[in-house]
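The chain is numbered in sequence order, starting from 1. Not measured: the values here are computed from a predicted model.
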Amino acid sequence: MSGMAGTEWHKMVAGEPYDAGDPELVARRERCRALLGEMNRDSTTSAEWEGRLTALLGGRGARCFITPPFFCDYGSNIHVGENFYANFGCTILDVCEVHIGDNVLLAPHVQIYAATHPVAVAPRVAGVEFGKPVRIGDNVWIGGASVICPGVTIGENSVIGAGSVVTRDIPPNVVAAGNPCRVLRSLTAEELAS
């Protein structure tokens, strides 16, 4: 599993069209599923869970917790900052990199999708896939059952209301909600004060 330039792995992470059936990608997904299976078991101890989380993610802050069950494609393309928390049922499709800042809170059943498919029928039917990276800034809170779509950036300090479908970038320092998600208001100076 080299991940060298020109491989399907390299194409996938670069956001280029790739073949998801490539043996290297299949092996990486199987490794991820095995780690998730162990992490999502009720019998996992804190020490075992911490070790598996470190093995799964591409990078993480020292204070990081994900309440099982948790689901992802590869894990190695997920980078989370310090003091990160994801509640029950979080799903991150990490075919491209997903960068999540410090002090980020994800409510139950938040879904983050870096994976997507062509709109054109022929390549989609042929199994072509691609991705777009997702970035979530520091101090963001994402409400339950929200969906973050491929290629989206959410600016620091922003709050995304429950049930939102975020299809476009959200600027820093705002409250946004809806389907599609839109800015409702700016955070006040008092709300931004630490």
Check: [Y] main-chain N/O paired with [X] side-chain donor or acceptor under 3.5 Å:
X      : Y      : answer
Asn83  : Asp102 : no
Asn179 : Val165 : no
Glu82  : Ala62  : yes
Ser76  : Gly58  : no
Asn40  : Phe70  : yes
Glu129 : Tyr18  : no
Arg168 : Pro180 : no

To the nearest 0.5 Å, tell me how far [X] [atom1] sits from [Y] [atom2].
X      : Y      : atom1 : atom2 : result
Asp169 : Arg135 : CG    : CZ    : 11.5 Å
Glu8   : Glu16  : CD    : CD    : 9.5 Å
Arg52  : Glu38  : CZ    : CD    : 4.0 Å
Leu56  : Leu36  : CG    : CG    : 5.5 Å
Asp94  : Asp73  : CG    : CG    : 5.5 Å

Determine, using the 4.5 Å side-chain heavy-atom cutoff (strictly less than), whether [X] and [Y] are members of one ILVMFWY cluster.
X      : Y      : result
Trp141 : Val152 : yes
Ile170 : Tyr113 : no
Leu93  : Leu53  : no
Val104 : Val147 : no
Val159 : Phe84  : yes

- Task: Check whether any side-chain heavy atom of Glu191 lies under 4.5 Å from a side-chain heavy atom of Arg185, and answer yes or no.
- Result: yes
- Are any non-hydrogen side-chain atoms of Cys96 and Lys132 less than 4.5 angstrom apart? no
- Could you walk me through whether Cys149 and Thr167 pass the side-chain contact (heavy atoms from CB on, under 4.5 Å) check? CA-CA 5 Å; Cys149 290; Thr167 60; 4.1 Å; yes
- Apply the side-chain contact (heavy atoms from CB on, under 4.5 Å) test between Val80 and each candidate in Ile92, Leu106, Val98, Leu57; give the one that qualifies. Leu57
- With respect to Ile100, which candidate in Ile142, Val134, Ile154, Ile112 satisfies the side-chain contact (heavy atoms from CB on, under 4.5 Å) definition? Ile112
Shortest non-hydrogen contact between [X] and [Y], atoms and distance:
X      : Y      : result
Ala177 : Ser164 : CA-OG, 3.1 Å
Pro171 : Ser158 : O-OG, 2.7 Å
Cys72  : Ile78  : CB-CD1, 3.8 Å
Ala114 : Pro150 : O-CB, 4.0 Å
Ala115 : Val95  : CA-CG2, 3.5 Å

- If you draw a 6.0 Å radius around CZ in Arg124, do more than 12 non-hydrogen atoms from other residues or ligands fall strictly inside?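 Result for CZ/Arg124: enclosed.
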- Query: Do other residues, nucleotides or ligands put more than 12 heavy atoms under 6.0 Å from the CZ atom of Phe88?
  - Reply: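 No, not enclosed.
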- Positive for side-chain hydrogen bond (donor to acceptor under 3.5 Å, both in side chains) with Asn157, one of Asn103, Asp138, Asn139: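 Going through Asn103, Asp138, Asn139 one by one, the side-chain hydrogen bond (donor to acceptor under 3.5 Å, both in side chains) with Asn157 is satisfied by Asn139 alone.
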Can you tell whether the side chains of [X] and [Y] come within less than 4.0 Å, N to carboxylate O?
X     : Y     : answer
Glu50 : Arg60 : yes
Glu30 : Arg33 : no
Arg41 : Glu48 : no

- Task: Take the angle between the ring planes of Tyr74 and Trp9 and call it parallel below 30°, perpendicular above 60°, tilted in between.
- Result: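 Plane angle over 60°, so perpendicular.
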- Task: Decide yes or no on side-chain contact (heavy atoms from CB on, under 4.5 Å) for Ile66 and Trp49, but give the supporting numbers first.
- Result: CA-CA 10 Å; Ile66 300 171; Trp49 188 91; 3.9 Å; yes
- Message: Using side-chain contact (heavy atoms from CB on, under 4.5 Å), reason through Leu184 and Val174 one step at a time and then give a plain yes or no.
- Response: CA-CA 7 Å; Leu184 302 178; Val174 298; over 6 Å; no
- Message: Show, in sequence, the C-alpha distance, side-chain angles and deciding distance for Asp22 and Met12, and conclude whether the side-chain contact (heavy atoms from CB on, under 4.5 Å) test is met.
- Response: CA-CA 11 Å; Asp22 176 72; Met12 180 185 77; over 6 Å; no
